[in-house]
Amino acid sequence: MLLRHTSKEIVNRKALTINPAKTCQPIGAMYAALGIHGCLPHSHGSQGCCAYHRSTLTRHYKEPVMAATSSFTEGASVFGGQANLVQAIDNIFTIYDPEVIAVHTTCLSETIGDDIPQIAGKAQADGKIPAGKYVIHANTPSYTGSHVTGFASMTRAMVDYFARSSGQRSDRINIIPGYVEPSDMEEIRRIAVEMGVRIILFPDTSNVLNRPQTGRYEMFPKGGVTVEELMSTGDSRTTLALGRLASGSAARALDTRCKVPCEILDLPIGLNATDAFVDALRKAAAVSVPDTITTERGRMLDIITDMHQYFYGKKVALTGDPDQLVSLSEFLVSIDMQPIHIVTGTPGKKFETRIREITGEVPHRVNIGAPGDMFLFHQWIKNDPVDLLMGNSYVKYIARDEDIPFVRFGFPITDRIGHSYFPTVGYRGGMRLLEKILDALLDRKDRDSPEESFELVM
Amino acid sequence: MALSVKERPDSEPERIDLNDVRQEILDRYPTKVARKRAKQIVINRAGGGAEVPEIEANTRTIPGIITQRGCTYAGCKGVILGPTRDIVNITHGPVGCGFYSWLTRRNQTRASTPEDENYMTYCFSTDMQEEDIVFGGEKKLRAAVLEAYEIFRPKAISIFSTCPVGLIGDDVHTVAREMKEHLGINIFAFSCEGYKGVSQSAGHHIANNGIFTHVVGLDDTRKEGKYSINLLGEYNIGGDAFEIERILHRCGITVVSTFSGNSTYTQFSNAHTADLNTIMCHRSINYVAEMMETRYGIPWIKINFIGAGATAKTLRKIARYFEDPELADRVEEIIESEMPDVEKVRDEVRARCEGKSAMLFVGGSRAHHYQELFREIGMITVSAGYEFAHRDDYEGRNILPDIRVDADSRNIEELHVEPDPERYRPRKNPEELERLAREGFRFKDYDGMMSDMPARTLIIDDISQYETERLIEIFKPAIFCAAIKEKYAIQKKGIPMKQLHSYDSGGPYAGFRGAVNFYREIDRMVNTKIWSAIKAPWQKSPELSAGYAWNA
């Protein structure tokens with residue numbers, strides 16, 4: 001057994017986290033910053049943070065993930081990291097020439113209390129920031145929140161640093177896609193284009209973390225939201241924020257700063273959440289939904305009605321990030337599956353209330369861990385087994401030990417490809433999720449059926 | 001103005017002027033940076049018997065330059081203690097550090113029974129929150145240790161400090177000592193905050209000190225066997241240690257402990273009973289070998305199981321040390337029985353790889369060791385460097401007295417070690433040592449990477465992303481070796497990239513069977529036709545008329 005020390009007996013823990021279902025803020029900030037065109041993320045802390053974040057993102061995307069670090073040593077930790085950051089800014093602009101450096105802090109620089117705007121001001125005064133270039137920042141101490149809140153903070157920094165209102169409203173809609181895959185961001189854009197809506201999508205990691213093999217490496221590829229677009233978010237007609245936790249803060253900041261009204265929606269994963277998104281977009285942009293989108297919806301629904309018998313009553317255990325889990329739970333409930341163990345490492349009361357509402361009708365006791373960890377998740381599964389597991393690659397250890405079908409969903413996925421190319425948002429994304437769930441369930445049925453009831457037609 | 005270095009036509013590698021390349025790279029940097037990098041980018045003079053040039057190494061990375069390096073915690077918890085399966089390793093800090101070092105290094109382990117302890121699939125963290133930073137985290141750490149003990153009942157628990165722990169002044173060592181007394185199991189802590197030192201290397205040293213102080217020497221049980229050794233600095237990535245153990249077992253050599261691939265707490269605690277310490281990765285583990293020699297009288301030798309030739313040489317060296325004709329004969333027999341399979345594949349692959357070029361920028365020994373494997377299939381290393389090594393790993397241990405100990409190195413404790421009053425037992429007497437030396441046998445020898453490389457090769461320490469890109473553009477090597485962060489930027493340039501930390505899920509590459517795996521892997525990578533598919537047909541000949549060529 002891979003997790004041979006995980007027993008059924010649950011001991012209450014107050015201090016020890018075992019097999020976390022979250023990671024720290026800075027990696028989320030780094031990921032968000034990669035969604036700005038021409039941006040080099042910068043980790044203000046010791047080297048290891050940057051190395052770990054780059055490695056983890058690289059294993060997940062199988063793509064170049066560039067970022068710089070302030071390389072703190074003991075001296076910087078005692079006297080403050082100003083000299084390191086000023087030197088880093090100078091070196092980065094001289095050697096790599098990005099449009100934007102997006103600095104995020106770490107537990108180290110937060111504990112010593114480095115003031116990034118003050119240091120950036122010093123760099124500016126010293127002439128280290130070339131004209132027309134920017135240094136932005138987000139405070140992301142690793143000892144609060146999780147990678148999701150780090151993403152939210154850097155996304156909000158895009159608004160704080162760039163959004164401005166010219167007094168002239170445009171017809172564009174801001175969409176903040178949330179902490180989703182580049183493929184999902186691409187799909188959200190495609191849906192908007194299909195509906196004839198002009199949008200500004202930020203951040204946007206498509207064509208940054210799912211780029212083609214061309215034989216050429218560009219440190220700053222063509223993807224990402226441009227600074228110019230970010231500036232004009234303040235003139236947009238409205239903002240749709242997808243995912244309360246990852247996108248809410250930036251959307252509210254735009255409302256406060258530039259009086260761009262916002263609507264905060266669930267991530268468009270599954271039928272209802274995608275319906276809500278398309279409907280909100282239609283109303284916000286005052287367009288009608290084209291038949292092509294309605295057809296996609298119909299196809300997705302068709303799969304559900306055709307294959308309903310295989311979904312019905314199946315118990316599922318899921319772990320991941322709050323915004324994803326809300327939509328995913330709702331989706332599973334809508335196809336008559338039963339999410340019964342739901343764990344995120346990211347703390348949040350609202351999350352738990354929301355999941356309780358969503359799973360209110362599930363005819364089974366529902367365990368919610370927020371925050372919880374994968375050790376507890378595994379113990380719940382041992383005590384109350386399920387038919388399907390959904391979560392990141394670490395869940396495969398549980399899947400193998402307990403011999404339960406497993407669909408990879410979330411971050412990080414280090415052992416399969418697909419997530420960066422094929423979305424799980426929108427109707428098409430929903431179709432892909434349904435296909436993955438069915439493949440897992442039916443492969444298992446094929447494996448376990450007695451010979452006489454081995455089915456050709458399913 | 002930057003000199004323009006002519007990009008190399010494939011047939012004429014010798015036409016590239018390395019001085020120009022070096023100068024061009026340096027010209028891109030701000031003056032101060034260029035001055036520092038100039039000392040870390042050198043043109044090798046060795047090879048032809050000339051003295052190796054001096055290189056700056058193990059000094060601070062320049063902020064913002066985009067380095068390969070990680071931190072002290074990564075070196076201590078990730079590298080050295082990570083591969084031990086039966087110690088509960090608790091990371092004391094915010095959740096990230098523990099999370100990122102959870103199962104990501106491919107250190108294989110094989111518990112001997114299904115019940116045996118194996119915590120390597122687990123990640124333990126105190127997940128410090130803001131209030132712990134403000135009010136101190138000792139209370140939470142104490143509670144975490146207690147919870148770990150109550151749930152798992154392990155034989156040992158270790159604690160790893162992350163950056164904020166040092167800053168807020170949590171006394172992890174006192175917590176460890178108190179909990180050790182309270183629970184009656186071995187509990188020890190490492191002050192391996194990420195900011196200590198200039199790279200992972202500092203973490204290796206701290207880990208060596210800790211394991212030597214708290215574990216080595218606790219158990220005097222001797223493993224059976226006439227020839228007993230420790231295998232130091234072998235981390236069992238992709239199963240390397242399994243292959244080495246297979247070969248040693250065939251030879252009748254007993255491995256008492258491996259530091260630290262496939263290792264256990266018990267192995268560490270009786271490591272002092274071995275009669276010889278053999279060092280694979282000189283950089284990460286030489287400290288513990290030095291200390292074991294002083295305290296227990298175990299001599300150490302540098303060995304290398306990367307490469308079939310190196311493996312044979314290593315086995316002979318071990319046999320030579322034990323001075324037993326029976327072992328020497330057995331070793332020869334094993335080499336003779338293993339080599340035909342190796343040679344068959346080697347010759348086949350060599351025919352397809354001969355003359356192709358490689359670059360290696362990785363680790364603290366791998367960039368050196370793997371050149372051997374490339375040589376065996378006729379490939380040439382045109383440029384190499386380490387991520388976190390010191391000058392002795394480049395220039396050889398004879399320059400050790402010349403290394404200036406700077407403030408960053410002084411931060412890492414040097415343990416003062418004395419001979420153990422009961423357990424000190426010199427394995428060879430002074431006459432034997434002198435005779436062996438006279439016969440050319442070398443203890444504590446490591447000549448470093450440079451003397452093993454031809455003259456006129458470019459050696460670069462702590463290479464930056466910019467330098468990596470320029471090297472590839474200028475030299476167009478057939479293959480580039482580094483690690484995960486570098487991999488895809490290099491492959492996007494159309495150059496196959498082999499990871500030499502994680503092996504890209506491959507391995508083992510050590511020993512005889514490992515060599516075969518490596519030859520085949522490199523053959524696959526440098527000879528696949530897939531790289532020629534980068535251009536679509538319409539990009540190769542965009543003119544519309546081409547389709548109607550038959551009309552002409």
Side-chain angles (χ1 to χ4, degrees), chain A residues 1-5 11 13-20 22-24 26-27 45-49 51-52 54-56 58-59 62-66 68-74 76-77 84-85 87-92 94-96 106-108 111-112 142-144 213-217 397, chain B residues 28-30 33 60-67 69-71 73-74 93-96 98-100 104 114 118-119 121-130 132-133 140 143-144 147-148 150-152 163-164 167-168 194-196 198 408 411 465-466 469 484-485 487-489 492-494 534:
Chain A
M1 299 288 260
L2 289 158
L3 297 163
R4 58 181 65 176
H5 303 289
V11 177
R13 282 176 283 133
K14 288 201 171 70
L16 184 66
T17 293
I18 311 173
N19 300 349
K22 66 167 175 185
T23 183
C24 65
I27 196 172
S46 56
Q47 267 155 214
C49 311
Y52 274 142
R54 290 180 62 204
S55 298
T56 305
T58 306
R59 290 186 190 109
K62 319 263 182 257
E63 288 287 334
V65 175
M66 285 303 152
T69 164
S70 291
S71 293
F72 273 50
T73 52
E74 189 126 7
S77 307
N84 291 50
L85 185 52
Q87 197 192 0
I89 289 170
D90 185 25
N91 285 331
I92 291 167
T94 310
I95 305 163
Y96 298 107
T106 56
C107 45
L108 173 53
T111 305
I112 63 178
S142 323
Y143 45 75
T144 58
Q213 172 61 274
T214 59
R216 283 204 335 269
Y217 167 66
Y397 290 79
Chain B
R28 177 69 172 258
Y29 290 130
V33 175
R60 289 180 193 179
T61 294
I62 298 156
I65 200 159
I66 308 191
T67 174
R69 285 177 171 177
C71 67
Y73 166 85
V95 75
F99 180 86
Y100 303 118
T104 44
N118 179 12
Y119 301 109
T121 46
Y122 293 85
C123 164
F124 304 96
S125 169
T126 54
D127 186 12
M128 286 172 94
Q129 298 297 302
E130 187 146 20
D132 306 316
I133 302 291
K140 191 170 195 183
E147 288 174 4
E150 279 169 358
I151 297 170
F152 301 103
C163 291
L167 295 178
I168 64 174
Y195 56 78
K196 292 204 166 157
V198 299
D408 295 311
N411 276 338
Q465 174 62 24
Y466 161 68
E469 287 176 38
I484 183 76
K485 302 191 296 299
K487 182 169 177 92
Y488 299 99
K492 280 284 194 282
K493 278 183 177 299
I534 284 175

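Residue numbers begin at 1 in each chain, while the letters A, B, ... track the order of the sequences. In this text the structure is predicted, and so the values were computed from the model without any measurement.
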Inset, instruction - Could you have a look at A:Asn91, A:Ile18, A:Ile92, A:Thr23 and say which one has the most heavy-atom pairs with chain B under 4.5 angstrom? - result: A:Thr23
Inset, instruction - Work out which heavy atom in B:Gly93 is nearest to a heavy atom in B:Thr126; give both atom names and the distance. - result: N-OG1, 3.0 Å
Legend entry - Contacting region of A:Thr17 [heavy-atom separation from chain B under 4.5 Å]: both
Inset, instruction - Check B:Gln465 against B:Glu469 and note the closest heavy-atom contact, atom names and distance. - result: NE2-OE2, 2.7 Å
Legend entry - Residues forming a salt bridge (Lys or Arg N to Asp or Glu O under 4.0 Å) with B:Arg69, sequence neighbours excluded: B:Asp461, B:Asp462
Legend entry - When A:Ala76, A:Gly45, A:Ala51 are compared by non-hydrogen pairs under 4.5 Å with chain B, the top option: A:Ala51
Inset, instruction - Determine the minimum heavy-atom distance between A:Ala15 and B:Ala144, stating which atoms define it. - result: CB-N, 3.5 Å
Inset, instruction - Could you pull out the closest heavy-atom pair between A:Leu16 and B:Glu147, with the gap in Å? - result: N-OE1, 2.9 Å
Legend entry - Closest approach of B:Asp132 to B:Ile168 (non-hydrogen atoms, all atoms of both residues): O-CD1, 3.7 Å
Inset, instruction - Specify which of B:Cys163, B:Ala148, B:Pro94 makes the most heavy-atom pairs with chain A at under 4.5 Å. - result: B:Pro94
Inset, instruction - Select, from B:Gly194, B:Ala143, B:Ser125, the one with the greatest count of heavy-atom pairs under 4.5 Å involving chain A. - result: B:Ser125
Inset, instruction - Look at the rings of B:Phe152 and B:Tyr119 and say which category their plane angle falls in: under 30° parallel, 30 to 60° tilted, over 60° perpendicular. - result: perpendicular
Inset, instruction - Please check if any side-chain donor atom of A:Gln47 sits under 3.5 Å from a side-chain acceptor atom of B:Thr67, or the reverse. - result: no
Legend entry - Part of B:Pro114 lying under 4.5 Å from any heavy atom of chain A: backbone
Inset, instruction - Examine whether an atom of A:Tyr52 lies under 4.5 Å from a heavy atom of chain B, and if so say whether it belongs to the side chain, the backbone or both; otherwise answer neither. - result: both
Legend entry - Residue selection (most heavy-atom pairs with chain B, distance under 4.5 Å) from A:Cys24, A:Ser71, A:Ser142: A:Cys24
Legend entry - Between B:Gly494, B:Pro164, B:Ala489, the one whose heavy-atom pairs under 4.5 Å with chain A are most numerous: B:Ala489
Inset, instruction - Measure distances from A:Thr56 to the heavy atoms of chain B and classify the residue's part below 4.5 Å as side chain, backbone, both or neither. - result: side chain
Inset, instruction - Just give me the residue among B:Glu130, B:Lys487, B:Arg60 that pairs up with chain A most often, heavy atom to heavy atom, under 4.5 Å. - result: B:Glu130
Inset, instruction - Name the option with the most non-hydrogen atom pairs under 4.5 Å to chain B; the candidates are A:Thr111, A:Leu108, A:Thr58. - result: A:Leu108
Inset, instruction - Name the region of B:Ile484, side chain, backbone, both or neither, that has any atom closer than 4.5 Å to a heavy atom of chain A. - result: both
Legend entry - ring-ring contact (aromatic ring centres under 6.0 Å, His included) involving A:Phe72 - partner list, sequence neighbours excluded: A:His44
Inset, instruction - Count the heavy-atom pairs under 4.5 Å between each of A:Pro26, A:Ser77, A:Ser70, A:Gly215 and chain B, then report the option with the highest count. - result: A:Gly215
Inset, instruction - Tell me, for B:Ile133 versus chain A, whether the close heavy atoms (under 4.5 Å) come from the side chain, the backbone, both or neither. - result: side chain
Inset, instruction - Identify the heavy atoms of A:Ser55 and B:Lys485 that sit nearest to each other, and give their distance. - result: OG-CG, 3.4 Å
Legend entry - Between A:Glu63, A:Met66, A:Arg216, the one whose heavy-atom pairs under 4.5 Å with chain B are most numerous: A:Glu63
